[in-house]
Trainee: 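Attaching a single structure in structure tokens format; questions to follow.
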Amino acid sequence: MKLVILDRDGVINQDSDTFIKTPDEWIPIPGSLEAIARLNQADYRVVVATNQSGIARGMFNIMALNAIHQKMHAAAQSVGAEIDAVFFCPHAQDDHCDCRKPKPGMLHTIAKRYDVSLKGLPLIGDSLRDLQAGFVVGCAPYLVLTGKGEKTREKGGLPPGTTNYPNLAAVVDHLLKAPALTYAV
Ligand SMILES: O=P(O)(O)OC[C@@H](O)[C@H]1O[C@@H](OP(=O)(O)O)[C@@H](O)[C@@H](O)[C@@H]1O
Ligand SMILES: [Mg+2]
Ligand SMILES: [Zn+2]
């Protein structure tokens with residue numbers, strides 16, 4: 001089975017330094033949902049692995065998170081895209097959990113749930129911690145420059161083998177090796 005793991009905020013939807021706390025604040029990045037649909041059409045299943053420390057911080061609760069994800073799934077389906085599942089870490093840094101990226105706990109859970117190897121599996125994120133979580137378990141790390149991606153690239157220290165692309169659509173072009181657009185002359 002072909003699987004891609006996406007970070008959520010800054011990859012699928014716009015991110016915010018004040019967190020994404022409500023469905024209204026969840027706004028898809030142009031082209032991202034359509035890119036997921038293109039992956040589905042190429043027989044990729046798509047899952048999300050997202051840190052949601054806003055829950056531990058009391059900024060929003062699990063009902064709000066579910067409402068945000070209901071909106072995300074509906075928006076995806078409206079363009080023919082299917083997000084198979086969302087794995088999230090509700091903890092704060094000082095909870096010292098195993099699932100908060102850059103720890104790979106969520107990725108191990110995904111590998112077990114889907115019975116796949118993580119080796120070379122595309123892991124697409126906008127933050128260093130996304131890429132680090134993927135790198136330590138052998139994923140192929142892709143940095144998008146949306147969300148916090150530009151800042152992440154400027155800060156450097158990216159895991160070896162990380163490649164960067166303007167956005168999720170561009171990563172999908174690469175993964176599907178979409179032929180370069182040609183125009184009749
Ligand atoms: O990018 P993903 O993993 O999908 O989600 C990131 C969000 O949970 C939030 O993560 C926070 O990081 P801290 O949890 O405060 O370190 C901040 O970066 C927020 O701006 C951001 O919205
Ligand atoms: Mg992110
Ligand atoms: Zn956690």
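These numbers were taken from a predicted model, which means no experiment stands behind them. For this chain, numbers begin at 1 and follow the sequence in order. One-based numbering, in listed order, for ligands and for the atoms of each.
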Trainee: Per the salt bridge (Lys or Arg N to Asp or Glu O under 4.0 Å) rule, what does the pair list look like for residues 80-89, sequence neighbours excluded?
Mentor: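 Qualifying pairs, neighbours excluded: R45-D84.
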
Trainee: Between R129 and D7, does any side-chain N to carboxylate O distance fall below 4.0 Å?
Mentor: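 Not counted as a salt bridge, because no side-chain N and carboxylate O are separated by less than 4.0 Å.
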
Trainee: Tabulation required: pairs of a nitrogen or oxygen in ligand 1 and a protein nitrogen or oxygen under 3.5 Å; columns are atom names and distance to 0.1 Å; otherwise 'none'.
Mentor:
from	atom 1	to	atom 2	distance (Å)
ligand 1	1 (O)	D7	OD1	2.8
ligand 1	1 (O)	D7	OD2	3.1
ligand 1	1 (O)	D9	O	3.1
ligand 1	3 (O)	D7	OD1	2.9
ligand 1	3 (O)	N51	N	2.9
ligand 1	3 (O)	K101	NZ	2.9
ligand 1	4 (O)	D7	OD1	2.9
ligand 1	4 (O)	R8	N	3.2
ligand 1	4 (O)	D9	N	2.9
ligand 1	4 (O)	T50	OG1	2.6
ligand 1	5 (O)	D9	OD2	3.2
ligand 1	5 (O)	N51	O	3.0
ligand 1	8 (O)	N51	O	2.4
ligand 1	10 (O)	R129	NH2	3.2
ligand 1	12 (O)	R129	NH1	3.4
ligand 1	12 (O)	R129	NH2	3.4
ligand 1	14 (O)	S53	OG	2.6
ligand 1	14 (O)	R100	NH1	3.0
ligand 1	14 (O)	R100	NH2	3.4
ligand 1	15 (O)	R57	NH2	2.6
ligand 1	16 (O)	R100	NH2	2.6
ligand 1	16 (O)	R129	NH1	3.0
ligand 1	18 (O)	K148	NZ	3.3
ligand 1	20 (O)	S16	O	2.8
ligand 1	20 (O)	K148	NZ	2.8
ligand 1	22 (O)	D15	OD1	2.6
ligand 1	22 (O)	S16	O	3.3

Trainee: Pick out which of I29, I124, L6, I12 makes a side chain to side chain contact (heavy atoms under 4.5 Å, CB included) with V144.
Mentor: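 Exactly one candidate clears the test, I124.
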
Trainee: Measure the shortest side-chain to side-chain distance between F19 and E25 over non-hydrogen atoms and say whether it is less than 4.5 angstrom.
Mentor: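 No, every pair of side-chain atoms sits at 4.5 Å or beyond.
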
Trainee: So, for V79 and A37, which heavy atoms are closest and what is the spacing to 0.1 Å?
Mentor: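 The answer is O-CB, 3.6 Å.
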
Trainee: Can a salt bridge be assigned to the pair E150 and R153 using a cut-off of 4.0 Å between side-chain N and carboxylate O?
Mentor: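 Salt bridge between E150 and R153, a charged N being under 4.0 Å from a carboxylate O: yes.
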
Trainee: With a 4.5 Å limit on heavy-atom distance, are the side chains of K119 and V137 in contact?
Mentor: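 They are not in contact (no side-chain heavy atoms under 4.5 Å apart), so the answer is no.
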
Trainee: Could you tell me if the side chain of T109 sits less than 4.5 Å from the side chain of F87, heavy atoms only?
Mentor: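 A side-chain contact under 4.5 Å exists here.
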
Trainee: For D94, does the CG atom sit with more than 12 other heavy atoms under 6.0 Å from it, leaving out its own atoms?
Mentor: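 Counting other residues, nucleotides and ligands, CG of D94 exceeds 12 neighbours.
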
Trainee: Would you say NZ of K2 has more than 12 non-hydrogen atoms from neighbouring residues, nucleotides or ligands within 6.0 angstrom?
Mentor: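 Count over threshold, so yes.
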
Trainee: Between R100 and D95, is there a side-chain N and carboxylate O pair less than 4.0 Å apart?
Mentor: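 Looking at R100 and D95, the cut-off is not met.
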
Trainee: Taking 2.8 Å as the limit, list every protein N, O or S atom around the Zn ion (ligand 3), by chain and residue number.
Mentor: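 Less than 2.8 Å away from the Zn ion (ligand 3) sit C89 SG, H91 ND1, C97 SG, C99 SG.
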
Trainee: Do R8 and D130 meet the salt-bridge criterion of a basic N to acidic O distance under 4.0 Å?
Mentor: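 Judged by the 4.0 Å cut-off on N to carboxylate O distance, D130 and R8 do not form a salt bridge.
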
Trainee: Below the 2.8 Å mark, what number of protein N, O or S atoms do you get around the Mg ion (ligand 2)?
Mentor: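 The number of such protein atoms is 3.
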
Trainee: Decide if atom CE of M63 counts as having more than 12 heavy atoms of other residues, nucleotides or ligands within a radius under 6.0 Å.
Mentor: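 12 or below, so no.
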
